[in-house]
Protein chains: 2
Amino acid sequence: MTVLSLPPLDLDGGVGPHDDDSPLRSVSTAVAVLDCFAEEAELGATRVAARLGIAKSTACRMLAALATGGLLERTGSGRYRLGLRLFEYGQLAVDRLMLRDVALPAMGELRELLRETIQLGVVVGTDVLYVERTEAASMNVRFRSEHRRNPAHSSSTGRVLAAGDPALAAAILERGFVRYTPFTVVDPQRYRQILATTREQGYATSREEFEPGWSSVAAPITMMRGGRPHPVAALSVVAPTSRVLGPRKPAVVQGIRRAAARVSADLERARS
Amino acid sequence: MTVLSLPPLDLDGGVGPHDDDSPLRSVSTAVAVLDCFAEEAELGATRVAARLGIAKSTACRMLAALATGGLLERTGSGRYRLGLRLFEYGQLAVDRLMLRDVALPAMGELRELLRETIQLGVVVGTDVLYVERTEAASMNVRFRSEHRRNPAHSSSTGRVLAAGDPALAAAILERGFVRYTPFTVVDPQRYRQILATTREQGYATSREEFEPGWSSVAAPITMMRGGRPHPVAALSVVAPTSRVLGPRKPAVVQGIRRAAARVSADLERARS
DNA sequence: GCCGTCGTTCCGTAAACCGGAACGCGCTGT
DNA sequence: ACAGCGCGTTCCGGTTTACGGAACGACGGC
């Protein structure tokens, strides 16, 4: 259920000293303190100290320092939670990809065309991170918005990106497959076949492989690199299975491929 | 032009030692390093060291530690930029306000009703921070998306929030007014009058007071606290002046007031 | 009203960090 | 092509700084 999962995640749990290779122990533990808040919304000094195996006083000082820096905020009862300054930094990080701004108009039009939820995803490690999401108005059922990060192997976005990036595909195969639903593809051979099909067709699907009842279709956003188009992100539409993989599938596929192609062209044009 | 501005912002610029009252010097400087990236997208160790008045080696270690923590990322040329992990943390921080999820459906419907850009803003210090924004499809002119944070005094969102929060109003008056356009209200007496009118009407406007050509209308999202409704956020619609303060103004006002009232009710209902 | 828990503070010790200088690399301008 | 410059990185010693344990004050539950 945790959202941040991929990187080190050195929750030794025990009392053993961190075998961190990097200097700046204080900063490393400060980051570890931040990581604690990925799983729990509100934490106090005692819980943080127990979770990281550090002294309570140390945890208290860390929390206070992060709070004066704005990365954490104090809740009424003396505990702490993630601060809104992190939101600002995060928006800056995404804005500087010079991707969201270019993709937003196409995403809005695709949303109106299909009347479904549209996502803009990039790869971080072997996960897919959705940096923007726009929803059609008045949907009876809404996609669970806490899914900001998926393993790449089970998402359509991850497949279009891996199909055009052998290094990513190798990393995904290396990391292995996790079964989330009965439909999740976990056979490496079958996965390779899916990537081949994706390369042929120019789009990818995921049929209830991550969240039961929900499927998605994705198309790659590419940039020319060394004369060849290289995928840098993907647009995807996520909805109840019957609405994207049923009779509407041709329209969905055409819509998302056109939108992704348009974003790719705009991106190329923006590289002045 | 800086986005993060409100808190300490101890860019002494010079070489003077930080007169930081807080312990955990390493963590404080680490946060200061992060702050450097609020103004510039890509920085190297030398620039960071010069900006903070610290040794180059120190800056290099800070950057490396923050990068291994994922808060920064390395660019090809050895420099650094804000990392996408900050985006994840920021999304978590906002999601835990238990506000965005509740507001999203109403924002989508209001967007379709008015075919304009809808914003969800909260207060941080004496600034307004927009934690969600959704745009209508195929607009000929788009609001500049880098505005994630405004001074509260010149925005309609800040006015509806200050109108219901005397402490915030006092803080805004205390901080003083900055003139951004010829229309910016900078007279404290006039500002107090605006707040009174806002209290009467239940909505606020800003006519090109921050960005020339762009105006906005806002209505408060409230939560019952101690038997009285207390504003915790605001919905606003921002568009070229003629589209929100011209003949459409009654429709815009009615739409945003209804949407904000609905979010308030949903918020109350969600507090199980 | 008592006890348990939590966040905070104080203090001595020692470990960790700062700063300066040196190294290797890529780029530029001759 | 070569040399000079600027950059990021590494190494090392001195000393500042943060860690850990224990004590304190406050809040809440039983």
Side-chain angles (χ1 to χ4, degrees), chain A residues 10 12-37 40-69 71-83, chain B residues 10 12-37 40-69 71-83:
Chain A
D10 50 86
D12 311 311
V15 81
H18 298 76
D19 54 323
D20 55 300
D21 45 353
S22 81
L24 277 300
R25 186 155 184 160
S26 312
V27 179
S28 304
T29 56
V31 173
V33 168
L34 272 185
D35 266 333
C36 292
F37 289 87
E40 221 152 339
E42 265 192 48
L43 286 171
T46 304
R47 312 262 318 244
V48 170
R51 191 184 288 258
L52 289 141
I54 59 179
K56 201 167 49 167
S57 58
T58 303
C60 188
R61 262 172 290 145
M62 289 284 172
L63 291 169
L66 290 170
T68 63
L71 303 187
L72 294 180
E73 288 172 357
R74 308 206 49 153
T75 77
S77 55
R79 286 202 288 274
Y80 296 83
R81 75 182 148 206
L82 293 174
Chain B
D10 50 82
D12 312 310
V15 80
H18 299 76
D19 53 325
D20 55 300
D21 45 353
S22 81
L24 276 303
R25 185 157 185 158
S26 311
V27 179
S28 304
T29 55
V31 173
V33 168
L34 272 186
D35 266 334
C36 292
F37 289 87
E40 220 152 340
E42 266 191 46
L43 285 172
T46 303
R47 311 263 319 246
V48 171
R51 192 183 287 259
L52 275 72
I54 59 179
K56 201 166 50 166
S57 59
T58 303
C60 187
R61 263 173 289 145
M62 289 286 171
L63 291 168
L66 290 171
T68 64
L71 303 187
L72 293 180
E73 288 173 356
R74 308 204 47 150
T75 77
S77 55
R79 285 202 289 273
Y80 295 84
R81 74 181 150 207
L82 293 174

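Taking only side-chain nitrogens and oxygens, B:Ser26 never comes nearer than 4.0 Å to OP1 or OP2 of C:dC17. Between A:Tyr80 and C:dT8 there is a side-chain N or O to OP1 or OP2 distance below 4.0 Å.
Pairing each heavy atom of B:Cys36 with each of B:Leu52, the nearest pair is SG-CD1, 2.8 Å. Contact record, B:Ala49 with B:Lys56: CB-CA, 3.7 Å, taken as the closest heavy-atom pair. Heavy atoms only, all atoms of each residue included: A:Ala30 and A:Leu66 are closest at O-CD1, 3.8 Å.
Set against C:dG7, C:dG19, C:dT8, the side chain of A:Arg79 has C:dG7 as its closest nucleotide. Among D:dT9, D:dC19, C:dC17, the nucleotide with an atom closest to any side-chain atom of B:Arg74 is D:dT9.
In this entry the distance linking CG of B:Leu63 with P of C:dC18 reads 12 Å, nearest Å. Atom-to-atom, CZ of B:Arg25 to C1' of C:dA16 comes out at 14 Å; the value is rounded to the nearest Å. The distance from atom CE of B:Met62 to atom P of C:dA16 is 15 Å, rounded to the nearest whole Å. Atom-to-atom, CD1 of A:Ile54 to P of C:dA15 comes out at 18 Å; the value is rounded to the nearest Å. One interatomic measurement links the two molecules: CG of A:Leu24 to C1' of C:dA16, which rounds to 10 Å at whole-angstrom precision.
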Look for any protein N or O under 3.5 Å of an N or O in nucleotides 10-14 of chain D and output each such pair with its distance, or none.
none

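B:Arg25 is not listed as a side-chain neighbour of A:Ser26, based on a closest heavy-atom distance of 4.5 Å or more. Counting heavy atoms from C-beta on, the side chains of A:Thr75 and A:Tyr80 never come closer than 4.5 Å.
Between the side chain of A:Ser28 and the backbone N or O of A:Leu24, at least one donor-acceptor pair lies under 3.5 Å.
Mapped onto DNA chain C by nearest heavy atom, A:Gly44 and A:Val27 fall at different nucleotides, with A:Gly44 at the one closer to the 5' end.
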